[in-house]
Amino acid sequence: MTPRLRVAPSPTGLLHVGTARAALFNWLYARRHGGVFIVRVDDTDRQRSTADFETRILEALRWLGVDWDEGVEVGGPHGAYRQSGRYDRYREVAAQLLEGETAYRCFCSPEELAQRRKEAQRAGRPPGYDGRCRSLKAREAKRRQQAGENHVVRFAMPRPGVTIFEDMVRGEVRFDHEVIDDFVILRSDGSPTYHLASTVDDVDYRITHVARGEDILPSTPRHIQITRAMSAPEPVYAHLPLLHGQDGRKLSKRHGATDVGEYRLRGILAEALFNYLSLLGWSIGPEATIFSPQEAVESFDLADVSSSPAVFDPVKLEWMNGEYIRNHISAAEFSVRARPYAERHLGVPLSDAEWQQAVPVLPLVQERVKLLSEVGPQLSFLLEAGIEYHERSWRKVMRAQTVEPVLSEALSALGQLGEWRTETIEETLRGLLARLEVSARRGLQPIRVAVTGSSISPPLFESLAALGRERTLQRLEGARARLSR
RNA sequence: GGCCCCGUCGUCCAGCGGCCUAGGACGCCGGCCUUUCAAGCCGGUAACGCGGGUUCGAAUCCCGUCGGGGCUACCA
């Protein structure tokens, strides 16, 4: 049987890295086994779901390199793959369950429920629904329903009973129905809850493997019971370890960036995020850290996924990103990818000619950045008309006695330089420093600050070569003038 | 509180009864290189939560304990 897997984001926010990782693992498994990967949208929370979030989630998934064979936007044999369009189907299933008496109408008001929950808690009983309406006679329920009385539909958990299943990552898991209340499947407004909609979709879409976050492990017996009540085959479940923040709690907004788009904006490469995320709870082998999606596909198995939670470490992600920037994309590719980040940093689009100025130093920048967003700051001395002196840099290097003579000599020597090339510039400046008996370290830094505005920049000679003689001389002049202020 | 899951360096992973004096990666520390910053290279730091068993032998199996996390909605 062809494996069919899915990821089901809720468009109530942007793509969370946890959801992205779940998508990745499902995708890897599907690709590994020649299966079908599906993206459906779980938008039963009508209050918080938006079309904009949905668009951006799908965009982020594609950016990450996760494509899907069936689902929203690409279609397939099962319709639109969006829960909001399937309410009739969920109501139909609810009606069948009602018919088969595996579900019942509950007329308890939210106020009553809250009241009884409080009492139960005080008495040390479980706080879930007490099952009061379960014993209502069918005729009585029918009458009240037809009288227009507000009600929900609840699933009748088999009692007594226990649900046992084999989780692909955790092994055998069992839940006694004692601790699972008769949960709502249809709200009073007729809309389905997550438990119903998700389960019906998994059944209808013939999902064979459900790999999702461990946070829904306690809900799984509910889903299994609904599936059985529908007389449908049960999928295999795999509950993935949660992603945690540095404090050991479930990764959330307060830990910093949690959505994929934010990492993209910072200049994380999709390849790096893909690689990093796949290493959270899984490993491709004892030694390998950097690997391609293709390699991951070749050895991935849900059964190899770890069962303990993983702390999401942005520092390691950035290291890996630097690794990808340096060693896994070409200079040409780097130029293309870095440009939008540089433009955003400058706040204006660049013409091709303007960007062309940066090309000679780009490979040097490529070696030194961990994030694409660092490219702008590294290049601004080249791409902006004027420069601003970084105060701390200035104070640190421009106060020495040797600075004035170095700048003056450089000004005249570079002014007379025949051919403006990296090599000739280097030769000239080194010769000059030798004559003045100033070390490279002490002599080159003032020139760097004078010309780039900062003590941190790409290598100096290449930078001057790219900047051109005219602007170099202007800046040396400007810095010398500023010295005497 | 109840139920469930989890427990190897600070972090991510390897380990699936003897290859373990526990391996790799990030980080951190030190050194080399060096025009700054990076990168690179070399070296170092650091863990099987604890207690019982089982076994000739346990990080690996079992029990307990402690610790952490998740769930406990007409949210998903």
Side-chain angles (χ1 to χ4, degrees), chain A residues 8-10 12 42-45 47-49 106 108-110 113-114 117 121 124-129 150-154 167 169-170 173-176 178-181 183-189 191-195 197-198 212-221 239 241-242 244 246 248-250 276 279-290 306-313 315-320 322-323 326-327 364-370 374 378 393 396-397 426 429-430 433 439-445 447-449 452 454-461 463:
Chain A
S10 289
T12 53
D42 279 15
D43 55 352
T44 50
D45 184 345
Q47 306 302 316
R48 298 188 298 146
S49 297
C106 167
C108 300
S109 71
L113 292 174
R117 187 172 3 256
Q121 260 162 342
R125 281 178 284 127
Y129 181 64
N150 244 333
H151 67 281
V152 299
V153 176
R154 288 181 185 273
D167 188 285
V169 344
R170 269 149 236 283
V173 181
R174 60 171 66 213
F175 288 90
D176 195 316
E178 194 97 354
V179 298
I180 305 173
D181 69 352
F183 55 98
V184 174
I185 56 175
L186 229 47
R187 302 187 186 101
S188 53
D189 65 359
S191 67
T193 60
Y194 162 72
H195 300 302
S198 176
R212 59 197 353 182
E214 192 202 328
D215 51 346
I216 5 199
L217 184 58
S219 291
T220 303
H239 287 92
L242 255 26
H244 283 185
Q246 305 288 343
R249 294 177 157 278
K250 186 160 93 160
Y276 179 71
L279 242 18
L280 259 22
W282 181 71
S283 86
I284 194 164
E287 309 283 89
T289 304
I290 307 279
S306 147
S307 49
S308 53
V311 173
F312 185 89
D313 180 8
V315 174
K316 187 163 183 177
L317 205 210
E318 287 189 14
W319 162 77
M320 190 173 279
E323 200 68 26
R326 259 175 275 123
N327 305 322
L364 301 170
V365 173
Q366 183 173 3
E367 281 179 2
R368 345 185 102 58
V369 295
K370 288 208 289 259
E374 292 166 11
Q378 291 248 4
S393 295
K396 206 168 83 195
V397 316
E426 173 162 10
L429 291 178
R430 284 196 192 280
L433 292 181
S439 69
R441 184 179 291 272
R442 290 172 58 86
L444 261 22
Q445 274 304 79
I447 299 177
R448 184 189 309 281
V449 172
T452 70
S454 166
S455 59
I456 298 175
S457 83
L460 187 61
F461 311 120
S463 294

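In the text below, chain A, chain B and the rest are named by the order of the sequence lines, each starting its count at 1.
No side-chain donor-acceptor contact under 3.5 Å links Ser455(A) to the backbone of Ser393(A). For the pair Thr193(A) (side chain) and Val184(A) (backbone), a donor-acceptor distance under 3.5 Å is present.
The residue Leu217(A) sits close only to the backbone: its heavy atoms come under 4.0 Å of sugar-phosphate atoms, none of a base. Backbone-only engagement by Val184(A) is indicated by non-hydrogen atom pairs under 4.0 Å involving sugar-phosphate atoms exclusively. Gly248(A) comes within 4.0 angstrom of sugar-phosphate atoms only, judged by non-hydrogen atoms across all strands, and of no base. Here Ser455(A) lies in heavy-atom contact (under 4.0 Å) with a base. Here Gly285(A) lies out of heavy-atom contact (under 4.0 Å) with every strand. Residue-level contact check: Ser188(A) touches the bases, meaning some heavy atom is under 4.0 Å from a base atom. Backbone-only engagement by His244(A) is indicated by non-hydrogen atom pairs under 4.0 Å involving sugar-phosphate atoms exclusively. Residue Pro309(A) is in sugar-phosphate contact alone, with no base atom involved, counting any heavy-atom pair closer than 4.0 Å across all strands shown. Using a 4.0 Å heavy-atom criterion, one finds that Arg326(A) contacts the sugar-phosphate atoms exclusively. Counting any heavy atom pair closer than 4.0 Å across all strands shown, Phe461(A) reaches a base atom.
Residue His239(A) contributes atom NE2, which lies 12 Å from atom P of C5(B) at whole-angstrom precision. Here the C1' atom of nucleotide C71(B) and the CG atom of Asp167(A) are 15 Å apart, to the nearest Å. Between Asp181(A) atom CG and C3(B) atom C1' the separation is 12 Å, expressed in whole Å. If you take OH of Tyr194(A) and C1' of A73(B), they are 14 Å apart, rounded to a whole angstrom. Regarding Ile456(A), its CD1 atom lies at a distance of 13 Å from the C1' atom of U35(B), rounded to whole Å. Leu113(A) has its CG atom 16 Å from the P atom of U72(B), to the nearest Å. Here the C1' atom of nucleotide U72(B) and the CG atom of Asp215(A) are 13 Å apart, to the nearest Å. Going from atom CG of Leu279(A) over to atom P of U11(B) covers 16 Å, rounded to whole Å.
Annotation: side-chain hydrogen bond (donor to acceptor under 3.5 Å, both in side chains) contacts of Thr452(A) (sequence neighbours excluded): none. Residues passing the side-chain hydrogen bond (donor to acceptor under 3.5 Å, both in side chains) test with Asp313(A): none are found, sequence neighbours excluded. Residues passing the side-chain hydrogen bond (donor to acceptor under 3.5 Å, both in side chains) test with Glu426(A), sequence neighbours excluded: Arg430(A). Among residues two or more places apart in sequence or in another chain, the side-chain contact (heavy atoms from CB on, under 4.5 Å) test is passed with Ala197(A) by Thr44(A), Gln83(A), Tyr90(A), Pro192(A).
Listed pair Thr44(A) / A76(B) meets the phosphate criterion, a side-chain N or O lying under 4.0 Å from OP1 or OP2. Of the side-chain N and O atoms in Arg125(A), none sit less than 4.0 angstrom from OP1 or OP2 of G2(B). Contact annotation: Arg174(A) does not reach the phosphate of C3(B) (side-chain N/O to OP1 or OP2, under 4.0 Å). Residue Arg249(A) places at least one side-chain N or O closer than 4.0 Å to OP1 or OP2 of G69(B). For the pair Arg154(A) and C74(B), the criterion of a side-chain N or O lying under 4.0 Å from OP1 or OP2 is met. Taking side-chain N and O atoms only, Lys250(A) has a distance below 4.0 Å to OP1 or OP2 of C71(B).
Note: Asp215(A) CG to His239(A) NE2 = 8.5 Å, rounded to the nearest 0.5 Å. With rounding to the nearest 0.5 Å, the separation of CZ in Arg441(A) from CD in Gln445(A) is 8.0 Å.
Between G30(B) and U11(B), the distance separating the two P atoms is 22 Å to the nearest Å. For C71(B) and U54(B), the C1' atoms lie 35 Å apart once the distance is rounded to whole Å. Comparing the C1' positions of G18(B) and G2(B) gives a spacing of 43 Å, expressed to the nearest Å. Separating the P atom of G7(B) from that of C50(B) is a span of 15 Å, rounded to the nearest Å. Only the C1' atoms considered, U60(B) is 11 Å distant from U8(B), to the nearest whole Å. Across C12(B) and G51(B), the matching P atoms stand 24 Å from one another, rounded to whole Å. On the C1' atoms, C56(B) is 49 Å away from G40(B), given to the nearest whole Å.
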Classify every nucleotide of nucleotides 41-51 of chain B by which part a protein heavy atom approaches to under 4.0 Å, writing B for the base, S for the sugar-phosphate alone and - for neither, in 5'-to-3' order. -----------
Counting primed atoms plus P, OP1 and OP2 as sugar-phosphate and everything else as base, spell out the protein contacts along nucleotides 23-30 of chain B at 4.0 Å heavy-atom distance: B, S or - for each nucleotide, 5' to 3'. SSBSS---
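One donor-acceptor pair, N or O on each side, does fall under 3.5 Å between the base of C37(B) and the side chain of Arg368(A). The base of U35(B) sits with one of its N or O atoms less than 3.5 Å from a complementary donor or acceptor on the side chain of Arg448(A).
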Test ring pair (Phe, Tyr, Trp, His ring centres under 6.0 Å) on His195(A) and Phe183(A); report intermediate values, then the result. CA-CA 9 Å; His195(A) 300 302; Phe183(A) 55 98; 5.2 Å; yes
Is there a side-chain hydrogen bond (donor to acceptor under 3.5 Å, both in side chains) between His151(A) and Ser188(A) once you walk through the steps? CA-CA 5 Å; His151(A) 67 281; Ser188(A) 53; over 6 Å; no
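For A58(B), there is no paired base (Watson-Crick or G-U wobble, both distances below 3.5 Å). Pair assignment for U36(B) gives none, since no Watson-Crick or G-U wobble pairing has each distance under 3.5 Å. Pair check for C16(B) finds none; no Watson-Crick or G-U wobble contact set falls under 3.5 Å. Under the Watson-Crick or G-U wobble criterion, with both distances below 3.5 Å, G51(B) is paired with C63(B). If you check G2(B) for Watson-Crick or wobble pairing at under 3.5 angstrom, you find it paired to C71(B). Pair assignment for G43(B): C29(B), on the basis of Watson-Crick or G-U wobble contacts that are both within less than 3.5 Å.
Between Pro241(A) and Glu214(A), the closest heavy-atom pair is CA-OE1, 4.3 Å. Taking each heavy atom of Asp181(A) and Gly128(A) in turn, the nearest pair found is OD2-CA, 3.4 Å.
Side-chain contact check for Leu186(A) versus Val152(A): every heavy-atom pair is 4.5 Å or farther apart.
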